[in-house]
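Structure first, then comments.
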Amino acid sequence: MYLTDRSAPPAADRARGRRRGRRPGVAPVVLVLGTVSLITDISSEMVTAVLPLYLVTTLGFSPLAFGTLDGVYNGVGALVQLTGGHLADRVRGHKLLAGLGYGVSALAKPLLMVAGSVGAIGAVLALERTGKGLRTAPRDAMISLSTPVARQGRAFGVHRAMDTTGAMLGPLAAFLILSVAVDGYDAVFGVSACVAVLGVLVLVLFVPGRRRRPAVPPGADTGGARPPVRVREALALLRVPRLRALAGCAALLGLTTVSDAFVHLLLQRRAQVGEEWFTLLPLGTAAVFLLLAVPLGALADRVGRHTVFLAGHGALLTVYGLLLWAPVTPLLVPLVLALHGVFYAATDGVLPAALAGVVPEHLRASGLALVGTGQALARFGCSLGFGAAWTLWGDGPALAGSALGLLCCAAVAGVVLRPARGDDGRR
């Protein structure tokens, strides 16, 4: 079982043939969607950067309460992602579903200014994640369907690099606003909402909205009409061995992937970083992600996506080890953030790129949603479990348990995703 895309669907082969004789960088739609993600991530990361301190320090939430909210933040989006992916394939309108998702997320941002209880904040975060869940699979499907199979890793790398540029600018903007605004947190939430609206406008105005015609097997009689994608047809994708292996391993590894917010809180406490500098910690992760997303995506296209994917989790395991046992030195903060960025650069775009030759075109968004949902639900469980363990036993034992779990899960995934004999994993 392996992740390299040796059996591309016929439509993908035709797409390669159309592009033969020239080697474009990436499709224009990838660049436009990258711009939308850049703007939207500025908005989202402004909130994400201040939310842990806002909830724990200002509102006095316990680690368990924060872990629950962080789990909601990931879990709701995971469940909705299935709906977004299926509807995008069913109505053949990826832009429509993506635009709806971006709009819902923009609507949720200003509501944080009036939410003060666990329940209210949980509802607002659930609404924001609903938007993310609706847009993720249709957006990634547009990227995948506009790119030849052999260049999927590079295309997703370019998109993730642009997305990460926004992830860098968001915390910086939050830092600047907090340093000059009287009502700092409310100002961050308000500006974030305005930036999110700009991202929606760019999507509506510049992303092509043509509906895709689903691939029909040669000789098939459609009666003059193309049947809509059924739920049963989408779920049947799990019978595909390679997709099932990828989905299972992504979920297994997600069970031990501690959220960014917890990693930054642990690093802040371990290295005694001042609260005024906390919002800048995500910048280190984002900077390395930005620098390595395209090179590691291209590397995955050449040497095998399973290899790069598992190596990324090795970087995350090293992060856990440093937070547990490394001495507090001036190098601890940049080293942890750099390895955290390597983890994302080696996994975030590589995972959807691995599906290009596994899922047919007319089910592309559904396939992406199935894998993404399993991974996100696993991370939801990790947030709940890690928050509870931190509350009961402390942050050290909680992180040690996550590190041991990641080591075991990575070993299992390495066996399941091992290339077949005679296959070196190259495309």
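- Closest heavy-atom contact between V288 and A338: CG1-O, 3.4 Å.
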Kindly list each side-chain donor-acceptor pair under 3.5 angstrom involving residues 346-356, sequence neighbours excluded, with atom names and distances?
{"from": "T347", "atom 1": "OG1", "to": "F343", "atom 2": "O", "distance (Å)": "2.7"}
{"from": "D348", "atom 1": "OD2", "to": "R160", "atom 2": "NE", "distance (Å)": "2.7"}

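- Of the possible donor and acceptor atoms, one in the side chain of T256 sits under 3.5 Å from a partner among the backbone N and O of L253.
- Within the 4.5 Å cutoff, no side-chain heavy atoms of F206 are placed close to those of T35.
- At least one side-chain heavy atom of S44 sits less than 4.5 Å from a side-chain heavy atom of K109.
- Ring geometry, H340 versus H264: the interplanar angle exceeds 60°, so the pair is classed perpendicular (tilted spans 30 to 60°).
- Between L266 and R270, every side-chain heavy-atom pair lies at or beyond the 4.5 Å cut-off.
- Side-chain atoms of S192 come within 3.5 Å of backbone N or O of S43 as a donor-acceptor pair.
- Using a 4.5 Å cut-off on side-chain heavy atoms (C-beta onward), V29 and I143 make no contact.
- The backbone N or O of V204 lies less than 3.5 Å from a partner atom in the side chain of K95, making a donor-acceptor pair.
- In this structure, D163 contributes its side chain and L38 its backbone to no donor-acceptor pair below 3.5 Å.
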- [ ] Carefully, step by step, assess R135 and L97 under the rule side chain to side chain contact (heavy atoms under 4.5 Å, CB included).
- [x] CA-CA 6 Å; R135 71 180 184 251; L97 266 295; over 6 Å; no
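- Residue R90 holds its CZ atom at 12.0 Å from CG of L363, rounded to the nearest 0.5 Å.
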TODO: Check the pair Y320 / V258 against side chain to side chain contact (heavy atoms under 4.5 Å, CB included), numbers first and verdict last.
DONE: CA-CA 9 Å; Y320 293 172; V258 176; 3.4 Å; yes
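- Between L267 atom CG and L337 atom CG the span is 5.5 Å, to the nearest 0.5 Å.
- To the nearest 0.5 angstrom, T164 atom OG1 is 9.0 Å from E45 atom CD.
- A heavy-atom distance below 4.5 Å is not found between the side chains of T285 and D260.
- Between atom CG of residue D89 and atom OG of residue S366 there is a gap of 3.5 Å, rounded to the nearest 0.5 Å.
- Looking at heavy atoms from C-beta onward, T136 lies in side-chain contact with K132 at the 4.5 angstrom threshold.
- Looking at L292 and Y344, their side chains never come closer than 4.5 Å, going by heavy atoms from C-beta outward.
- Nearest heavy-atom pair, A106 versus A193, reported as atom, atom and distance to 0.1 Å: O-CB, 4.4 Å.
- Taking CG of L310 as the start and CG of L317 as the end, the distance is 12.0 Å to the nearest 0.5 Å.
- For the side chain to side chain donor-acceptor pair (under 3.5 Å) with S144, the lone residue among R139, R364, E361 that qualifies is R364.
- Applying the side-chain contact (heavy atoms from CB on, under 4.5 Å) rule to A311 yields no partners; only residues at least two apart in sequence or on another chain are considered.
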Task: From CA spacing to verdict: side chain to side chain contact (heavy atoms under 4.5 Å, CB included), L265, W390 - done: CA-CA 12 Å; L265 280 173; W390 185 343; 4.2 Å; yes
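- Not a single donor-acceptor pair under 3.5 Å links the side chain of Q375 to the backbone N or O of A251.
- The two residues G254 and C382 have their closest heavy-atom pair at O-CB, 3.7 Å.
- Interatomic distance, L111 CG to E128 CD, rounded to the nearest 0.5 Å: 11.0 Å.
- Looking only at distances, a side-chain donor or acceptor of D301 sits under 3.5 Å from a matching main-chain atom of R154.
- S37 places a side-chain heavy atom less than 4.5 Å from the side chain of H159.
- Here the closest non-hydrogen pair linking L203 and Y102 is CD2-CD1, 3.7 Å.
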TODO: Check the pair F156, D140 against side chain to side chain contact (heavy atoms under 4.5 Å, CB included), reporting the backbone distance first and the verdict last.
DONE: CA-CA 8 Å; F156 277 102; D140 283 353; 3.8 Å; yes
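- The minimum heavy-atom distance between V50 and A174, with the atom names listed, is CG1-CB, 3.9 Å.
- Residues A369 and G85 share a closest heavy-atom pair of CB-CA, 4.1 Å.
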